[in-house]
Amino acid sequence: MTKYIIRGGQPLYGEVEISGAKNAAVAIIPATLLVDGVCRIENVPQISDVTLILTILKDLGAEIRTVNRTTLDIDCSKVRKQHVAYDLARQIRASYYLVGSLLGRFGEAEVPLPGGCDLGTRPIDQHQKGFAAMGADVQVQNGYIMAKAKSGDLKGAHVYFDVVSVGATMNVMLTASLAKGMTVIENAAKEPHIVDLANFLNSMGANIMGAGTDVIKIRGVERLSGGSYSIIPDQIEAGTYMAAVSAAGGEIRVKNIIPKHLDCITAKLEEMGVEIIEDGDSLIVRRFGSLMKANVKTSPYPGFPTDMQPQIAAVLCLAKGTSILTEGVWDNRYRYADEFRRMGANILVDGKLAVIEGVERLTGAPVSACDLRAGAGMIIAGLAADGITEIDQVYHIERGYEEIVSKLIQLGANIHVETMPEDDWHVSAG
Ligand code: EPU
C-alpha cells in the first residue's frame, strides 16, 4: 500500500513541465491498430493507464519499441486478433477505443465493457448507436461488447449524438476512418483531444474535417500508413498545477502547454484573484492575496472541464464567501466531499450541486483518493493545509499524472511517498 505524505502550508515556486495528454494518448495508441506500418508517437505520458493500454496492444500482437522516455514506435501490422482479454481491459475506461479501432480494421471486435473511475452511470449507448449506424451488429454478451459488420463492409453514416460524448465521438471517428464513404457526426464533442486524434489519423492518411466543431465529417480511405506524431500537452495536468499554486500561494511557471486550451480554467482562477500571465508556451501563475468566491459549472469543452472539478473545489474551500459548484457532466463526482470535510472544509452536496463556504485554513488529515481527479484535489488541499495530510489509494492518481510527486518537490512542496508492507497495512486497516 502506497501513500503520499504531505506537510502543507508552504507556497510553491519554480517551473513545472507538462506531459502529453492522457485522454489523447489513450485514444491515439489504440488508433495505431488502424495503421498499416510503424507509427512513431512522441510526448507519450508515463502513466499507468498508458502502460495498461500498451500491454493490451502487445497482447493483441503489436510490436512496440521504446525510442526514448517519451517516444514509442508502434507497429500493429501483424495483429490478427479481434478479441481483447478480460482482466486488463476491465481496469481502464479507454479500452472502449479498442472497439472502434478493431471494428474499423477487421470489421469485428470483442472487447470487455470498460472500467475506469466511478463517477456514476457511464453508459456507452451512443458508441453503440454510432457503430450500428455504420452497419455493425452490436451486442453486449457475457461482459463483452461484440460488434461485427453485418455485410462485410462498414459504410459511412449520419450519426446525431443525443449527448455530447468524448468517447463516442472518438470511437465513431476511429471506425469511420476506414469505412466506405462519408460519415457525418453531429453534436460532436470538441475537446482538444478530439482534435488531436483527428490530427493523428489525418497525418497517417485519413480524411477528417471539422474536428473541434459540432460537426465532424470523415471520408473513409482505403488504408492508413505509418508516420510520426506528437501528442498535445495535458490540459488537465496543467490546470491541476495552476489550481495547486492558487490554493497554496506562490508563483510558478507551467511549461510546455497550449495556453488556449487553458482559457476556461484561467478565466475562473482570475475571477478568484489569481494572476496569470501568458508567455509563449507557458503560463506564469501567481497568488499572493486572498482568494475570492466563484460559481463554477462544468460542461463539455470549451466550458469548464469536469476533470478539473475536484481541483477547483479544493481552491474554493479556501476562498472568501460562498461558492456554488454545479456538475454538468457526471451524476456522482462529489465522492471526495467527505474527505475534504476531514480537512475542515465546509462543503455541502445536494445532487449535482455543491455549496462551499470558504474557511480560513484547512488542516491535514488522513484521506483516501477515491478516484483520479478527486485524488488530485486532495493533493491540492493537502499542499494548502496546515499540518500533515496522508493520502492513500494513490494508484488512482498514478493512472493519470506522470511523476506528480517529483514535479511537486521541484516546486518546493514537502511531499513524499511511503510504501507500507502488505501485512502492516492489513493490521492498521483492520
Ligand atoms: N454518455 C451517455 N452515453 C454514451 C456516452 C456518454 O449518456 O454512450 C454520457 C455520460 O454518462 C456523461 C456524458 O455523456 O454524462 C459525457 O461522457 P463522455 O462520453 O464524454 O465521457 P467518457 O468518454 O467516458 C472522457 C474522459 C473522462 C472525462 C469525460 C468528459 C477518457 C478516457 N475519459 O470520458 O476523463 O471526464 O470524457 O470530458 O477520455 C478523467 O480523465 O479523469 C476522466 C474521467
Side-chain angles (χ1 to χ4, degrees), residues 19-31 45 47-50 52-53 56 89 91-100 113-133 138 140 145 147 159-174 185 187-197 231-232 234-240 261 264-265 298-312 326-333 335-336 352 369-377 396-402 404:
S19 304
K22 161 177 124 32
N23 288 345
V26 295
I28 288 174
I29 293 169
I47 50 177
S48 61
D49 268 12
V50 163
L52 258 175
I53 207 94
I56 297 172
Q91 296 173 40
I92 180 174
R93 190 79 202 153
S95 54
Y96 53 34
Y97 294 128
L98 295 161
V99 183
L113 281 165
C117 290
D118 178 4
L119 311 172
T121 48
R122 298 189 75 171
I124 53 157
D125 56 308
Q126 300 303 302
H127 304 235
Q128 291 172 282
K129 171 172 147 175
F131 300 139
V138 191
V140 176
I145 310 165
V159 183
Y160 201 117
F161 286 133
D162 302 335
V163 291
V164 178
S165 161
V166 168
T169 303
M170 300 250 225
N171 244 336
V172 170
M173 273 163 56
L174 289 166
I185 306 176
N187 201 20
K190 297 183 278 208
E191 270 68 7
H193 30 292
I194 303 279
V195 180
D196 210 34
L197 176 64
I231 293 174
I232 51 164
D234 197 305
Q235 176 208 28
I236 304 299
E237 188 196 12
T240 299
H261 293 168
C264 38
I265 299 163
T298 69
S299 59
Y301 191 81
F304 190 89
T306 174
D307 293 345
M308 275 297 298
Q309 190 250 82
Q311 302 90 313
I312 201 83
T326 312
E327 173 55 40
V329 178
W330 297 112
D331 294 339
N332 185 8
R333 203 165 201 171
R335 292 193 309 140
Y336 61 83
K352 292 207 159 195
C370 39
D371 63 58
L372 165 61
R373 308 302 174 185
H396 282 299
I397 301 171
E398 293 172 356
R399 285 188 34 225
Y401 288 92
E402 177 174 322
I404 192 162

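Both counts, for ligands and for their atoms, begin at 1 and track the order of listing.
In summary, the atoms of ligand 1 found under 4.0 Å from a heavy atom of Gly167, numbered by their order in the structure, are 19 (O), 23 (O). Residue contact check: Gln126 has heavy atoms under 4.0 Å from atoms 3 (N), 4 (C), 8 (O) of ligand 1. For ligand 1, the atoms sitting less than 4.0 Å from at least one non-hydrogen atom of Leu372 are 42 (O), numbered in the order shown with element in parentheses. With ligand atoms numbered from 1 in the order given, ligand 1 contributes 8 (O) to contacts under 4.0 Å with heavy atoms of His127. Numbered from 1 in the order shown, with element, the atoms of ligand 1 that lie under 4.0 Å from a heavy atom of Val329 read 12 (C), 15 (O), 16 (C). Ligand-side atoms of ligand 1 in range of Ile124: 4 (C), 8 (O), range being under 4.0 angstrom from any heavy atom. Residue Arg333 approaches ligand 1 through these ligand atoms, each under 4.0 Å from one of its heavy atoms: 36 (O), 42 (O), 44 (C).
At a 3.5 angstrom cut-off on N or O pairs, Glu191 does not count as close to ligand 1. Taking only nitrogen or oxygen atoms, main chain and side chain alike, Lys22 reaches within less than 3.5 Å of ligand 1. For Val166, a nitrogen or oxygen atom sits less than 3.5 Å from a nitrogen or oxygen atom of ligand 1, counting backbone and side chain alike.
When heavy-atom distances to ligand 1 are checked against a 4.0 Å cut-off, Ala168 has no atom that comes that close, whether in backbone or side chain.
For the residues Arg93, Arg122, Arg399, the heavy atom positioned nearest atom 34 (O) of ligand 1 is part of Arg122.
Applying the side chain to side chain contact (heavy atoms under 4.5 Å, CB included) test between Asn23 and each of Val166, Asp307, Ile28 identifies Asp307 as the sole match.
In this structure, OH on Tyr301 lies 6.5 Å from CD on Gln235, to the nearest 0.5 angstrom. Note: His193 NE2 to Ile232 CD1 = 7.5 Å, rounded to the nearest 0.5 Å. Distance CD1/Ile56 to CD1/Ile92: 6.0 Å, rounded to 0.5 Å.
Proximity of Gly400 to ligand 1 is not established, as no heavy-atom distance is less than 4.0 Å. At least one heavy atom of Tyr96 sits closer than 4.0 Å to an atom of ligand 1. Ligand 1 lies within reach of Val164, whose nearest heavy atom is under 4.0 Å from it.
In this structure, Asp234 does not pair ionically with Lys22, as no charged nitrogen and carboxylate oxygen lie closer than 4.0 Å. Ion pairing between Arg399 and Asp371 fails under the 4.0 Å rule for side-chain N and carboxylate O.
For Asn187 (side chain) and Phe161 (main-chain N/O), a donor-acceptor pair under 3.5 Å exists by modelled atom type. Counting only distance, with no hydrogens or angles, the side chain of Asp49 and the backbone of Gly400 share no donor-acceptor pair below 3.5 Å.
Taking the six-membered ring for Trp and thresholds of 30 and 60 degrees, Tyr96 and His127 have ring planes inclined between 30 and 60 degrees apart.
Between the side chains of Gln311 and Thr240, at least one donor-acceptor pair of N or O atoms lies under 3.5 Å.
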